[in-house]
Amino acid sequence: MSSAQVKKKPKYFKTLPQIPRTELFAPGHGLCAGCTAGTIVRHLLKAAGPNTILVEATGCVEVSTTLYPYTSWRIPWLHLAFENASAAASGVEAAIKVLKRKGYIDPDKPINIVVLGGDGGTYDIGFQSLSGMLERGHKVMYVLYDNEAYMNTGIQRSGSTPKYAWTTTTPAGKVWPGNLRNKKPIAEIVAAHRIPYVATANPAYPLDMLNKFKRGLEVEGPSFIHVIQPCPTGWRFDPRYGIKIARLATETGMWINWELDHDEFDVTVPVKRRKPVREYLKMQGRFKHLTEEQIQEIQRMVDEEVARINKLVGREVIGPVEE
Amino acid sequence: MAVETKEVKWKRLPLSSNYAIAYAVKDVDVDVVSAYPITPQTTVVEKISEFIANGELDAEMIHVESEHSALSAAVGASATGARAFTATASQGLELMHEILHIASGLRMPVVMSVATRALSAPISIWNDYSDLMNARDASWVTLIAGSAQEAYDSIIQAYRIAESPEVMLPVIVAYDGYIMSHTYEPVLVPEDNTVVREFAPKNFNRFRLDVDRPMTFGTIADPKWYYEFKYQQVVAMRNAYKKVKEVDEEYREVFGRGYGVIETCCLEDADIVLLTYGGIYGTFKEAIEKLRENGKKVGVARLRLWRPFPAEDIVKTLGGAKLVVVADRAISYGARISGPVALEVMSTFYGDPDAPMIMSVIVGIGQRTVTENTVAEIVDYSFRVLERGKAPRETLYWGVRGVSYE
């Protein structure tokens, strides 16, 4: 049994049966077997409901859910390109505002506007338009599904790829140990825009994730939900282990579920005793080339990050490693 | 001063083409404007901002962080059902290039004004049409205005064309950067813009992002379907040719002004006809009128509709001449005939046994000055070509250092 538990009393969904049964993400999409992006999107739409317009950046979910003449989307959905989902959503949001004001659409009808983007479309090519949207204060919730590489084009390194991970453009060889750089702290960079709500989430903790989606849609102004998304194809694991690996990410402290609600920072999924990062790493082929020293280096990095987060919260929300 | 044309009461304002466009955007009740500053477009958006700030136009202004986002936001707004506008020039249009194709592929009736400007490098803020010509194949209906008044009128016509169900394509209204964007002309603007809004009512009954009628926009199309999507754009462009003429005629009936797709002067009995586009036509026309007074059988025409290319009207208008001289202000590098419009005119007449000789001349690159004398020199040369009975097989680069033609 996991030592990680949802601490805060969830505001909207307290138990799993409270999750709406309506399926707005239709089955029959072409995502890989075991892809956790499908899990995230399905829950996202349950939280957002039918009065939602979704704008999507080019990426795995986009190509695998909209092969003409089919669509998996039971809500209005728009895709333009890779780098501009935030700009397109800014246009949608502005249009809704003015069309309500001019009486073309019902001014009393709340309409959610959500952007869905992968890590490439968010950390890298879409970063400028994201920053612009946040700075301008559009009431849009940006959901980042982070599988830590360009999976749609075949597992190339992105600004989100963790240190030492194998990708097709950071292969482990005699000279390179895999990816050379640390993952960019995107959620904190987004938080620096001083938007009302920023959170990290994990599909292995669906109530926490759903409540964050709800909160993100509720605040006045932009919100950003960064969701870890284990990818069987790119991370090299058996498709049945997606959620298990997602949970291990939190249990080892590799992924911390936090939220910054206006000025209030908190860890929403505390971990009493951490598992060693080795348990997370060893399940994934992308880390199989790691040496003992490299594993220890990652362990030290996580220890430091945990100490930093504990200091931020002001108490020990993430505990020590217990072998 | 109010001028009366039909039932429309006009006020006569001194406006640059940029300001004329801003007035048209206000009068046609645009809902969303998204734009990024770039010379020489900027005063369009400055003026629109004033209108919104003063409450004269009820619209959302999105101060985007790039032109790429400017067009992306306009497409997003258009997809939601709003009437969207953006404006740009030069490097901005280049940065938008990817989204030009997406706007037309998604069939979004966005209207954009382009104050044409040369492209870097070397950086030049001055005029030519390199930017617009690079957008040639993006499936945008493209009008090139020749005066501030026409710029105003064309924006209003553009929304009618773009939003008509048989077209549903974005429209560019282009005009000369600086030469028009920053020079003032008298422009007639209606005292009451109701008449404009009646002429160009919004088509809200179109496919849009609607929570009561969910639809998927921007899908992936595999080889089984992609071609059909693209062919529909071909058909839409054909329809646009008719629609542009139809809307212009209707506009003339209501407002007393129309332009057709090609403007002409002094074509009667003309052995030689010069063809150009944009504000430079004024200089050409002045020169040609003087040459006519001196008995030269020469005329001049201005291409107003660039895409769809008005091939039938080109044949009708220029087919009677012995020599057609196309004066382009953009270069298609590496082509033997490197004037984009010249290439188009040649392909239009290809295989026609009665076709005139066609000559391609480049002028005004990076706003190299073109005076009436320049035009007269080109005409002189053209008459020599006519005597020789054979047009040069290569484009002439008129007015560049170290190059001259006998």
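Keep in mind it's a predicted model, so treat the numbers as computed, not measured. A note on names: the letters A, B, ... follow the listed sequences, proteins ahead of strands, and every chain is numbered from 1.
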Would you mind telling me which of B:Asp222, B:Ile62, B:Asp58 has the largest number of heavy-atom pairs within less than 4.5 Å of chain A?
B:Asp58
When only pairs under 4.5 Å are counted, which of B:Asp210, B:Asp29, B:Thr219 shares the most heavy-atom pairs with chain A?
B:Thr219
Please report the shortest heavy-atom distance between A:Ala95 and B:Thr80, naming the atom on each side.
CB-CB, 3.6 Å
For B:Phe204, look at atom CZ and say whether over 12 heavy atoms of other residues, nucleotides or ligands are found less than 6.0 Å away.
yes
At a heavy-atom distance under 4.5 Å, which candidate from A:Glu93, A:Glu62, A:Gln128 has the highest pair count against chain B?
A:Gln128
For B:Ile99, is it the side chain, the backbone, both or neither that has a heavy atom under 4.5 Å from a heavy atom of chain A?
side chain
Could you check which of B:Ala79, B:Ser78, B:Ala77 has the highest count of heavy-atom pairs closer than 4.5 Å to chain A?
B:Ala77
Aromatic ring pairing B:Trp225/A:Tyr68, orientation class (parallel under 30°, perpendicular over 60°, tilted between):
perpendicular
Using a 6.0 Å cut-off, check whether atom CZ of A:Arg194 has over 12 heavy atoms from anything other than its own residue.
no
Tell me, for A:Arg136 versus chain B, whether the close heavy atoms (under 4.5 Å) come from the side chain, the backbone, both or neither.
side chain
Does any heavy atom of chain B fall under 4.5 Å from the side chain of A:Leu78, the backbone, both, or neither of them?
both
Which bit of A:Ser86 comes within less than 4.5 Å of chain B, counting heavy atoms only: side chain, backbone, both or neither?
neither
Interchain contact, B:Thr216 with chain A, by part (heavy-atom threshold 4.5 Å):
both
Bottom line for B:Leu209: the part with an atom under 4.5 Å from chain A's heavy atoms is both
Which heavy-atom pair separates B:Ser72 from A:Leu80 by the least distance, and what is that distance?
O-CD1, 3.6 Å
Looking only at the side chains, is there a donor atom on one of B:Glu65 and A:Ser131 sitting less than 3.5 Å from an acceptor on the other?
no
Sub-4.5 Å side-chain heavy-atom contact between A:Asn84 and B:Glu98
no
Which one wins on heavy-atom pair count under 4.5 Å against chain B: A:Thr71, A:Leu67, A:Ile53?
A:Leu67
Between A:Val98 and B:Ala59, which heavy-atom pair has the shortest distance, and what is it?
CG2-CA, 4.2 Å
Most contacts with chain B, counted as non-hydrogen pairs under 4.5 angstrom, among A:Thr65, A:Val55, A:Ile111, A:Leu99
A:Leu99
Most chain B-contacting option - heavy-atom pairs closer than 4.5 Å, from A:His138, A:His79, A:Glu135:
A:His79
Rounded to the nearest 0.5 Å, the CZ atom of B:Arg83 sits from the OH atom of A:Tyr104 at a distance of 7.5 Å
State whether the number of non-hydrogen atoms from other residues, nucleotides or ligands found under 6.0 Å of B:Asn205 atom CG is greater than 12.
no
Please classify the contact of B:Lys202 with chain A as side chain, backbone, both or neither, using a heavy-atom distance under 4.5 Å.
side chain
With a 4.5 angstrom heavy-atom cut-off, which part of B:Asp212 approaches chain A: side chain, backbone, both or neither?
side chain
Examine whether an atom of B:Tyr226 lies under 4.5 Å from a heavy atom of chain A, and if so say whether it belongs to the side chain, the backbone or both; otherwise answer neither.
neither
In this structure, which one of A:Lys102, A:Arg101, A:Lys97 forms a side-chain contact (heavy atoms from CB on, under 4.5 Å) with B:Asp31?
A:Lys102
